[in-house]
Number of protein chains: 2
Amino acid sequence: MTDKPIPDVIVGRLPRYLRALRQMSEAGAQTTSSQELGERLGISAAQIRKDLSQFGEFGKQGTGYSISFLVRQLQAILKVDRTWEMVLVGAGDLGHAIAGYNGFANWGFHVAMVFDNDPQKIGKKIDEYTILDMSELSPKIKESGIQVAMITTPASAAQEVVDQLVKAGIKSILNYAPINLHVPNSVKVQYIDPVIHLQRMTYYLD
Amino acid sequence: MTDKPIPDVIVGRLPRYLRALRQMSEAGAQTTSSQELGERLGISAAQIRKDLSQFGEFGKQGTGYSISFLVRQLQAILKVDRTWEMVLVGAGDLGHAIAGYNGFANWGFHVAMVFDNDPQKIGKKIDEYTILDMSELSPKIKESGIQVAMITTPASAAQEVVDQLVKAGIKSILNYAPINLHVPNSVKVQYIDPVIHLQRMTYYLD
DNA sequence: CATTGTGAACGGGTTCACAGCA
DNA sequence: TGCTGTGAACCCGTTCACAATG
């Protein structure tokens, strides 16, 4: 109700709600309940209701939530009711896979440009993208106003790249390089590191 | 001290400590403190000390922690003082990038086999791997005793694949498919979904 | 009557602060 | 003196339980 800041842990769950709801919608469902959504996601019904109630009263007692309405609300809250252009830095195997990933479309994102510092790669094409030189990174970001970046460079290059990105105006960074990055408070970073996830699970193995 | 179960949130931080410590070691450092490690990772010094103290008294008052000793301890705790063979299911672009990823070696993991269900791909090679048919999935897992799997199939196929993996004895699953999976309590699942991470950040954009 | 929204209770993770020790 | 290990205090996210309502 009030406009105190929403805990980050709640923001982190909203994209999962959105994914599940759109999948239910594709499957033909029109309505759902906190219980049904919770079972699907392994989250308690009470938590889902509490999370959603932070942003408004989206449900109806006795009948639950309209899926299409809730999808629109969540997309608006997460600001993915538009398309965010992104720059991708690092044109290795992983960068190639990400540039060609079709899972960004319709979810609010689009790769606009791909950068690398390897002279052998610059000018080459991956999918529809011509690989651009790092020297163009800053001007291209500034002129386009892009705020979102993904990094798939080696760890050794990542912090330097981040510094350039931040200076150029990037506000959100998805980092695939296996290293912790330092950024100002105004910039958000999320990490994707398969080894970290794997090591977290081997703890429970014999 | 006692052997109560360690909270999962602590286990989740240990791999990050390990990465940072090994990077410090590579840079030539021999000793560190909870404060230094904390600054590097954006974690409070008290939290690091508390986390580590769950597993033993690894430090020395006045001087801090021996990096090489702590690395060995963490690797033993996380059970990555050995190499876990893994199966990879899904030989698309992402599967290709993962199969060729050199970041698993020395971190406790190795891709042993790659599976797909596309007749056009079966028998083809990606890197040193010959793509195997899904019909061989269960027998190959059982005969090798592999416990770790990665999934890079489309979302629509993921749950069915998981059911097969679980039945064959897989205990840890790293899932790249954008869907929530249902597994028994004895099986751990971790998720990697770039869209989820990105949407979590756009909330904070204008 | 099923299901939401929510104040209150609860639980557990984080921080504090300091004794203890090299 | 510098830094660890840790009980206690604190804080905050989760769960509970129920009034409210279509």
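Chain identifiers are assigned alphabetically (A, B, ...) following the order of the sequence lines, protein sequences preceding nucleic acid strands; residue numbering begins at 1 within each chain. On a predicted model such as this, the values are computed, not experimentally measured, just so you know.
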Without decimals, in angstroms, what is the distance between [X] [atom1] and [N] [atom2]?
X: B/Q54; N: C/dG13; atom1: CD; atom2: C1'; answer: 11 Å
X: A/I67; N: C/dT4; atom1: CD1; atom2: C1'; answer: 16 Å
X: B/K4; N: C/dG13; atom1: NZ; atom2: P; answer: 11 Å
X: B/I48; N: C/dT14; atom1: CD1; atom2: P; answer: 12 Å
X: B/Q35; N: C/dT15; atom1: CD; atom2: C1'; answer: 15 Å
X: B/E57; N: D/dT6; atom1: CD; atom2: C1'; answer: 10 Å
X: B/I6; N: C/dG13; atom1: CD1; atom2: C1'; answer: 13 Å
X: B/L52; N: D/dT4; atom1: CG; atom2: P; answer: 9 Å

Taking protein heavy atoms under 4.0 Å as touching, what does nucleotides 14-22 of chain D look like 5' to 3' if B marks base contact, S marks sugar-phosphate-only contact and - marks none? SB-B--BBB
Any A/R72 side-chain heavy atom under 4.5 Å of A/D81 side chain: no
Please tell me if the side chains of B/P184 and B/V166 come closer than 4.5 Å, counting only heavy atoms from C-beta onward. yes
Applying side chain to side chain donor-acceptor pair (under 3.5 Å), name anything that partners [X], two or more places apart in sequence or on another chain.
X: B/R40; value: none
X: A/T31; value: none
X: A/Q190; value: B/H197
X: B/Q35; value: B/E39

Residue pairs passing the salt bridge (charged side-chain N to carboxylate O under 4.0 Å, His left out) test where at least one lies in residues 169-197 of chain B, sequence neighbours excluded: A/R19-B/D193
Per the salt bridge (charged side-chain N to carboxylate O under 4.0 Å, His left out) rule, what does the pair list look like for residues 194-206 of chain A, sequence neighbours excluded? A/R200-B/D8
Any B/S33 side-chain nitrogen or oxygen under 4.0 Å from OP1 or OP2 of D/dC3: no
Under 4.0 angstrom between A/Y65 side-chain N/O and C/dG5 OP1 or OP2: yes
If the condition is salt bridge (charged side-chain N to carboxylate O under 4.0 Å, His left out), which residues does A/K121 pass it with, not counting sequence neighbours? A/D116
Residue pairs passing the side-chain hydrogen bond (donor to acceptor under 3.5 Å, both in side chains) test where at least one lies in residues 144-164 of chain A, sequence neighbours excluded: A/Q159-A/D163
Inter-end axis angle, the helix from C/dC1-D/dG22 to C/dA22-D/dT1, with every axis fitted to five base pairs (rounded, 10 degrees): 20°
Can you give me every donor-acceptor pair (side chain of residues 82-109 of chain A, partner residue at least two apart or in another chain, under 3.5 Å) with its distance?
| from | atom 1 | to | atom 2 | distance (Å) |
| --- | --- | --- | --- | --- |
| A/R82 | NE | A/K79 | O | 3.4 |
| A/W84 | NE1 | A/K79 | O | 2.6 |
| A/E85 | OE1 | A/H110 | ND1 | 2.8 |

Check DNA chain C against residues 15-31 of chain B and give the residues with a non-hydrogen atom under 4.0 Å, in numerical order. none
